[in-house]
K.L.:
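I have a structure here, written as structure tokens, and I will follow up with some questions on it.
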Amino acid sequence: MADGSWSIQASYESMHCVNPIRQLVDTDRYQPNPEKTVLKLNIGDPTFYGNLPPSPVTVQALADALTSGAHNNYKSVLGDVDARAAVAKKYTYQNNPITEKDVMMTSGCAQAVEFCMTALCDPGSNVLVPTPGFSLYKVNTDSRKVDRRLYNLMPDKQWEADIAHMESLIDDKTRCIVVVNPSNPCGSVYSKAHLQQIIAVAEKHHLPLIADEIYGGVVYNGAVFHPLASLTDSVPILTCAGIGKSYLVPGWRLGWLIFYDKFDRLKEIRRGCALLGGRILGANSVAQGALPKILSEVPQDFFENTNRHLATTSSLVFDKLSQVSCLMPIRPYGAMYILFGVNFEELADIADDGEFTEKLMGEESVFLLPGTIFAYPNYIRIVLLAPVALMSEALDRIVQFCHRHMKSPPPSVN
């Protein structure tokens, strides 16, 4: 049979599941300087450098769950009842109480987001998503022919949402508003007052809120995290979270979706998510078996240690980059990232954030992500997880790189 008679086409959905971060990170597009050690500050994986290990309690909980032999089976598509009860106990609020019936276990926070977007949105509908914003939302909307409407975050106001702009994007096809707090990629943490402004918009237009809180509790520099569901019981909230970031085990792929829905307005969405769970028959069973002990016994000083490290590296990055005239860092208060703007008018031969990061890798072997990936050109994201000594070396290289490409470098480097 001639080869020309074969025509096997991939589906629209599969060919539009394009994650721009993975496309850049998993390819060889950026080539390093072979004479310099590569310093990767591009991916929010707290395990990469080995300086932030998980709590021994977490590791032992998984070992116990595995050796017990009690978690080798399929679980309900909603998840293990004890795991769900543990999540409900930890994340219930006086104004918004929940039980295990309001919790669904997922394969990481990413799947919780996917369930929400799929259950809420049909082709032709739209969702409101922040910009700068995590690229996962682009994957989930583009592949399903859903319009991703980007509401602006304001760098001069610590990345608060532009409420007027947000509200202007709403129409009769809008299905939900996404709130990412603490923020990837911004590192911002919203005040209670600002979150209440967002809630007011959702209530006015009768829209549910998706609360992406995978970095909940990862705060520093004096910030306080306010879970969205703790501030309202009148607006239905779908909270997506997990153990990947705050417990430093992203590869365990264990997350959850919580329905804060006091007035049962998400009845159909709950049913839709449960049906979607049948696609993979639930999250990892052994990790679910370990979850009750993890959530109840990991000591507070474990989280404080992570936050102290992030406070140290965030200040180091902010202070160092603030000394370079063409760079405009914005101090972070949560998550594991900092964004800095670049004034390309001061650079002689670099036109945009993509060229900046590619040349930085080629000359200095420092791997950062361009803001274009987060729908925010002319900014760059740095991951704050590396050891302090490595971070200091990376910053020195970034400063040298900028001075080398500036139209008018400081006298000390001429």
K.L.:
Indicate whether the side chain of Ser135 and that of Asn19 have a donor and an acceptor atom separated by less than 3.5 Å.
P.N.:
yes
K.L.:
Does any N or O in the side chain of Asn42 come within less than 3.5 Å of the main-chain N or O of Leu368, such that one atom is a donor and the other an acceptor?
P.N.:
no
K.L.:
Could you tell me if Asn140 and Arg148 have a donor-acceptor pair between their side chains, going purely by distance under 3.5 Å?
P.N.:
no
K.L.:
Which heavy atom in Ala386 sits nearest to a heavy atom in Asn51, and how many Å separate them?
P.N.:
C-ND2, 3.8 Å
K.L.:
Considering the options Thr306, Leu254, Val298, which one meets the side chain to side chain contact (heavy atoms under 4.5 Å, CB included) requirement together with Tyr247?
P.N.:
Val298
K.L.:
Could you tell me whether Lys204 and Glu167 have a side-chain N and a carboxylate O separated by less than 4.0 Å?
P.N.:
yes
K.L.:
Between Gln400 and Asp396, do the side chains contain a donor N or O and an acceptor N or O under 3.5 Å apart?
P.N.:
no
K.L.:
How about Glu203 and Ser234: does a side-chain donor come under 3.5 Å of a side-chain acceptor?
P.N.:
yes
K.L.:
Taking the ring centre of each residue, are Tyr376 and Trp159 less than 6.0 Å apart?
P.N.:
yes
K.L.:
Just by modelled atom types, is the Leu228 backbone N or O under 3.5 Å from a matching donor or acceptor in the Glu213 side chain?
P.N.:
yes
K.L.:
Considering all heavy atoms of both residues, which atom of Ala161 and which atom of Met154 are nearest to each other, and what is their separation?
P.N.:
O-CE, 3.5 Å
K.L.:
Decide whether Asp212 and Asn181 meet the rule of one side-chain donor and one side-chain acceptor closer than 3.5 Å.
P.N.:
no
K.L.:
Classify the ring geometry of Tyr91 against Trp256: parallel below 30°, tilted from 30° to 60°, perpendicular beyond 60°.
P.N.:
tilted
K.L.:
Can you name the nearest heavy-atom pair linking Phe367 to Leu369, along with the distance?
P.N.:
CE2-CD2, 4.4 Å
K.L.:
How far does OG of Ser168 sit from OH of Tyr151, to the nearest 0.5 angstrom?
P.N.:
12.5 Å
K.L.:
Closer than 4.0 angstrom, basic N to acidic O: yes or no for Asp102 and Arg270?
P.N.:
yes
K.L.:
Is it the case that more than 12 heavy atoms not belonging to Phe263 sit under 6.0 Å from its CZ atom?
P.N.:
yes
K.L.:
Among Pro54, Pro53, Pro46, find the one that has a side chain to side chain contact (heavy atoms under 4.5 Å, CB included) with Val249.
P.N.:
Pro54
K.L.:
Counting only N and O atoms by type, is there a donor-acceptor contact under 3.5 Å from the side chain of Thr131 to the main-chain atoms of Leu150?
P.N.:
no
K.L.:
So does Thr232 get a backbone contact from the side chain of Asn95, meaning a donor-acceptor N/O pair under 3.5 Å?
P.N.:
yes
K.L.:
Using every non-hydrogen atom in the two residues, find where Leu52 and His309 come nearest and quote the distance to one decimal.
P.N.:
CD1-CD2, 4.0 Å
K.L.:
More than 12 heavy atoms of other residues, nucleotides or ligands under 6.0 Å from CD of Gln300: is that the case?
P.N.:
yes
K.L.:
Is the Phe374 to Tyr379 ring centre distance short of 6.0 Å?
P.N.:
no
K.L.:
To the closest 0.5 Å, what do you measure between CD (Gln94) and CG (Asp233)?
P.N.:
11.0 Å
K.L.:
Fit a plane to each ring of His194 and Tyr190, take the angle between them on a 0 to 90° scale, and name the class: parallel (under 30°), tilted (30 to 60°) or perpendicular (over 60°).
P.N.:
perpendicular
K.L.:
Kindly say whether Ala65 contributes a backbone atom to a donor-acceptor pair with the side chain of Ser68 at under 3.5 angstrom?
P.N.:
yes
K.L.:
Tell me, with the steps shown, if Val219 and Tyr333 meet side chain to side chain contact (heavy atoms under 4.5 Å, CB included).
P.N.:
CA-CA 6 Å; Val219 293; Tyr333 291 87; over 6 Å; no
K.L.:
Answer yes or no: is there a side-chain heavy-atom contact under 4.5 Å between Thr141 and Asp147?
P.N.:
no
K.L.:
Would you check if there is a donor-acceptor pair between the side chains of Tyr30 and Thr357 at a distance under 3.5 Å?
P.N.:
yes
K.L.:
Taking the six-membered ring of Phe48, is NZ or CZ of Lys40 closer than 6.0 Å to its centre and within 45° of its axis?
P.N.:
no
K.L.:
A side-chain contact here means heavy atoms from C-beta on lying under 4.5 Å apart; do Leu120 and Pro208 qualify?
P.N.:
yes
K.L.:
Using distance alone, with no hydrogens and no angle criterion, decide if Arg144 and Thr118 have a side-chain donor and acceptor under 3.5 Å apart.
P.N.:
yes
K.L.:
To the nearest 0.5 Å, what is the distance between CZ (Phe134) and SG (Cys186)?
P.N.:
13.0 Å
K.L.:
Ignoring hydrogens and geometry, is there a side-chain-to-backbone donor-acceptor pair from Thr312 to Arg308 under 3.5 Å?
P.N.:
yes
K.L.:
Quick one: are the ring centres of Tyr93 and Tyr260 less than 6.0 Å apart?
P.N.:
yes
K.L.:
Is a side-chain donor or acceptor of Ser285 paired with a backbone partner of Asn73 at a separation under 3.5 angstrom?
P.N.:
yes
K.L.:
Shortest non-hydrogen contact from Leu153 to Pro132?
P.N.:
CD1-O, 3.5 Å
K.L.:
Indicate yes or no: at least one non-hydrogen side-chain atom of Phe259 is less than 4.5 angstrom from one of Leu238.
P.N.:
yes
K.L.:
State plainly whether the residues Asp171 and Arg149 are in salt-bridge range, i.e. N to O under 4.0 Å.
P.N.:
yes
K.L.:
Closer than 3.5 angstrom, by distance alone: can the side chain of Ser365 be matched with the main-chain N or O of Asn33 as a donor-acceptor pair?
P.N.:
yes
K.L.:
Quick one: does Ile338's side chain get under 4.5 Å of Ile330's, heavy atoms only?
P.N.:
no
K.L.:
Are Asp142 and Lys138 ion-paired here, with the side-chain N under 4.0 Å from a carboxylate O?
P.N.:
yes
K.L.:
Does any donor atom in the side chain of Ser188 or Glu160 lie under 3.5 Å from an acceptor atom in the other side chain?
P.N.:
no
K.L.:
Using a strict cut-off of less than 4.0 Å between a Lys/Arg side-chain nitrogen and an Asp/Glu carboxylate oxygen, indicate whether Arg404 and Glu364 qualify as a salt bridge.
P.N.:
yes
K.L.:
Checking His405 against Glu363: is there a side-chain donor and acceptor pair closer than 3.5 Å?
P.N.:
yes
K.L.:
Does any non-hydrogen side-chain atom of Ile163 lie less than 4.5 Å from one of Val201?
P.N.:
yes
K.L.:
Does the separation of the ring centres of Tyr337 and Tyr215 fall below 6.0 angstrom?
P.N.:
yes
K.L.:
Are any of the side-chain heavy atoms of Met117 and Val146 separated by less than 4.5 Å?
P.N.:
no
K.L.:
For Val57 and Glu297, what are the C-alpha separation, side-chain angles and deciding distance, and is it a side chain to side chain contact (heavy atoms under 4.5 Å, CB included)?
P.N.:
CA-CA 7 Å; Val57 173; Glu297 297 186 20; 3.8 Å; yes
K.L.:
Go through the steps to decide whether Ser230 and Asn96 satisfy the test side chain to side chain contact (heavy atoms under 4.5 Å, CB included), and finish with yes or no.
P.N.:
CA-CA 7 Å; Ser230 69; Asn96 226 335; over 6 Å; no
K.L.:
Check Met104 against Cys273 and note the closest heavy-atom contact, atom names and distance.
P.N.:
CE-O, 3.1 Å
K.L.:
Starting at CG of Asn126, measure out to CG of Leu169 and round the result to the nearest 0.5 Å.
P.N.:
8.5 Å
K.L.:
Hey, is the main chain of Val342 close enough, under 3.5 Å, to the side chain of Asn378 for a donor-acceptor pair?
P.N.:
no
K.L.:
Is there a side chain to side chain contact (heavy atoms under 4.5 Å, CB included) between Cys240 and Ile210 once you walk through the steps?
P.N.:
CA-CA 7 Å; Cys240 304; Ile210 295 178; 4.1 Å; yes
K.L.:
Applying side-chain hydrogen bond (donor to acceptor under 3.5 Å, both in side chains) to Gln288 and Asn284, what does each step give before you reach the verdict?
P.N.:
CA-CA 6 Å; Gln288 290 189 64; Asn284 183 286; over 6 Å; no
K.L.:
Between Thr106 and Gln111 (side chain of the first, backbone of the second, donor and acceptor by atom type, cut-off under 3.5 Å), is there such a pair?
P.N.:
no
K.L.:
Under a 3.5 Å cutoff, is there a donor and acceptor pairing between the side chains of Ser314 and Asn221?
P.N.:
yes
K.L.:
Is any side-chain heavy atom of Ser107 closer than 4.5 Å to a side-chain heavy atom of Ile280?
P.N.:
yes
